[in-house]
J.: 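The structure follows.
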Amino acid sequence: MAERDHQDAWLLVERDDLQPVRGEHQLAVEFSPHPGSLPHTALPAPAERQAGAEELAEERLLLASATASPQDVQQIRWLTADDFVLPLHAGIWQSITALVHRGDVVDPVTVLGEAQHRGLITEAATPKDLMALVSTPAGSPEHWGEQILRRALLARAQTVATRITAYTDDLTNTPHQLITGSRRALADLNALRTRYRRATAPATTPATHPPARAAPLPRAAGPPRHSTPAAPRAHR
């Protein structure tokens with residue numbers, strides 16, 4: 001996991017370094033898109049994401065923990081179905097978020113019903129399989145969602161790097177075409193990176209104000225003052 005964390009940090013730093021020193025606005029003015037400004041390079045097909053055991057386990061744990069704690073689903077709107085490796089898991093995630101959005105009860109039975117409505121039940125994914133998938137929670141949905149989004153970010157970065165490399169290796173591209181194509185590729189990466197930063201941003205704590213000072217208690221009233229009558233003056 002430490003090596004993967006270093007890769008994440010390297011990716012974010014390198015993406016910032018790719019921003020032109022002269023400024024994004026000036027670059028957009030000097031190299032504004034126009035017909036023929038995009039590269040005509042034949043791009044390789046995006047590499048299919050491998051559904052490894054660890055990736056699948058994280059997605060299962062997210063679905064189960066989200067079913068057990070649907071109140072936390074609203075806090076991870078930065079996660080989308082496209083971030084999942086397995087399409088079945090993406091469909092179940094959409095089922096859970098749909099129930100939460102409608103304010104319906106979320107439990108294994110209602111998730112199964114929503115999944116059936118979306119046509120997710122097949123011979124390979126039986127109702128028993130789906131019930132088991134969302135019935136063993138562990139950890140928090142936010143934690144597993146971050147892991148899934150991190151993997152999606154790295155996969156997107158690899159795809160973008162492949163596209164830019166293809167543009168660079170194609171000697172028929174003009175500098176204008178190379179810059180325009182690269183900027184579009186990086187825009188796709190930046191959209192996902194923005195969601196990742198939103199997911200991993202530290203929670204903000206509300207500002208604390210010093211407690212208001214209590215008003216002083218009224219002083220106890222003493223006994224009423226009695227004026228001493230003046231002594232009568234003696235008359236001769």
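Only this structure's heavy atoms are used, side chains among them; waters, hydrogens and symmetry mates stay out.
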J.: Evaluate Glu114 against Arg102 for salt bridge (Lys or Arg N to Asp or Glu O under 4.0 Å), listing each step before the verdict.
T.: CA-CA 12 Å; Glu114 184 69 20; Arg102 296 198 303 261; 2.9 Å; yes

J.: Spell out, as yes or no, whether a donor-acceptor pair under 3.5 Å connects the side chain of Glu59 to the backbone of Val85.
T.: yes

J.: Any chance NE2 of His143 has more than 12 other-residue heavy atoms, nucleotides or ligands included, within less than 6.0 Å?
T.: yes

J.: Between Ser69 (side chain) and Asp72 (backbone), is there a donor-acceptor pair under 3.5 Å?
T.: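 No; judged by distance alone, with no hydrogens or angles, the pair does not exist.
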
J.: Check whether Ile121 and Val109 end up in the same hydrophobic cluster, where Ile, Leu, Val, Met, Phe, Trp and Tyr are linked by side-chain heavy atoms less than 4.5 Å apart.
T.: yes

J.: Would you find a donor on one side and an acceptor on the other, under 3.5 Å apart, between the side chain of Thr110 and the backbone of Val105?
T.: yes

J.: Evaluate the side-chain contact (heavy atoms from CB on, under 4.5 Å) criterion for residues His89 and Trp93: first the C-alpha distance (whole Å), next the side-chain angles of each, then the deciding distance (0.1 Å), finally the verdict.
T.: CA-CA 6 Å; His89 293 168; Trp93 174 249; over 6 Å; no

J.: Using a 3.5 Å distance criterion without hydrogens, assess whether the side chain of Arg195 forms a donor-acceptor pair with backbone atoms of Trp78.
T.: yes

J.: Working to the nearest 0.5 angstrom, can you tell me the gap between Leu133 CG and Arg60 CZ?
T.: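 Rounded to the nearest 0.5 Å, the CG-CZ separation comes to 7.0 Å.
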
J.: Spell out, yes or no, whether Met131 and Leu63 are grouped together once hydrophobic residues are joined by side-chain heavy atoms under 4.5 Å, including indirect joins.
T.: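 Both belong to a single hydrophobic cluster.
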
J.: Return yes if some donor-acceptor pair links the side-chain N/O of Arg49 with the main-chain N/O of Asp83 below 3.5 Å, else return no.
T.: yes

J.: Could you check whether Asn173 and Thr41, counting side-chain N and O atoms only, form a donor-acceptor pair closer than 3.5 Å?
T.: yes

J.: Do you know the tightest heavy-atom contact between Val160 and Ala185?
T.: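 Val160 and Ala185 have their closest heavy atoms at CG2-O, 3.4 Å.
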
J.: Which heavy atom of Thr136 sits nearest a heavy atom of Leu61, and at what distance?
T.: O-CD2, 4.2 Å

J.: Taking Gln94's backbone N and O only, do any of them form a donor-acceptor pair with Thr97's side chain (distance below 3.5 Å, no angle check)?
T.: yes

J.: Which atoms form the tightest heavy-atom contact between Ala81 and Ala90, and what is the distance?
T.: O-CB, 3.4 Å

J.: Taking Glu146 first and then Arg151, would you say they form a salt bridge - that is, a charged N and a carboxylate O separated by under 4.0 Å?
T.: no

J.: Would you say the side-chain atoms of Thr122 pair up with the backbone N or O of Ala124, donor to acceptor, closer than 3.5 Å?
T.: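 Yes, Thr122 side chain to Ala124 backbone: donor-acceptor pair under 3.5 Å.
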
J.: Could you report the tightest heavy-atom contact between Ser95 and Leu120, atom names first, then the distance?
T.: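 Answer, listing the atom of Ser95 first, then Leu120: OG-CD1, 3.9 Å.
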
J.: Dump the intermediate steps for side-chain contact (heavy atoms from CB on, under 4.5 Å) on Val134 and Leu130, then the final yes or no.
T.: CA-CA 7 Å; Val134 296; Leu130 297 188; over 6 Å; no

J.: Is it possible for you to say whether Leu38 and Tyr167 belong to one hydrophobic cluster, with membership spreading through side-chain heavy-atom contacts below 4.5 Å?
T.: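 Unlinked, Leu38 and Tyr167 end up in two clusters.
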
J.: To the nearest 0.5 Å, what is the distance between CD1 on Ile148 and CD on Glu55?
T.: 10.0 Å

J.: Say whether Asp170 and Thr172, considering side chains only, have a donor N or O and an acceptor N or O under 3.5 Å apart.
T.: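 A donor-acceptor contact under 3.5 Å links the two side chains.
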
J.: Are the side chain of Gln158 and the backbone of Ala155 linked by a donor-acceptor contact shorter than 3.5 Å?
T.: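 No, the answer is negative, given that no donor and acceptor are paired below the 3.5 Å cut-off.
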
J.: Quick check: does any side chain N or O of Trp144 sit under 3.5 Å from a backbone N or O of Ala138, one acting as donor and the other as acceptor?
T.: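 It does hold such a pair.
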
J.: Quick one: does any side-chain atom of Asp129 pair with a main-chain N or O of Thr126 as donor and acceptor, under 3.5 Å?
T.: yes

J.: Cluster question for you: counting only ILVMFWY and a side-chain heavy-atom cut-off of under 4.5 Å, with indirect links fine, are Leu153 and Leu186 together?
T.: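 Cluster IDs for Leu153 and Leu186 match.
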
J.: Work out which heavy atom in Pro108 is nearest to a heavy atom in Thr67; give both atom names and the distance.
T.: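 Closest pair (atom of Pro108, atom of Thr67, distance): N-CG2, 3.7 Å.
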
J.: Does the pair Ile179 and Arg183 meet the rule for a side-chain contact (heavy atoms from CB on, under 4.5 Å), with working shown?
T.: CA-CA 6 Å; Ile179 292 177; Arg183 289 181 67 234; 3.9 Å; yes

J.: Take Ile92 and Arg118, measure what side-chain contact (heavy atoms from CB on, under 4.5 Å) needs, and give me the verdict at the end.
T.: CA-CA 9 Å; Ile92 297 177; Arg118 293 172 177 265; over 6 Å; no

J.: Under 4.5 Å between side-chain heavy atoms, counting indirect links through other Ile/Leu/Val/Met/Phe/Trp/Tyr residues: same cluster for Val100 and Leu62 or not?
T.: yes

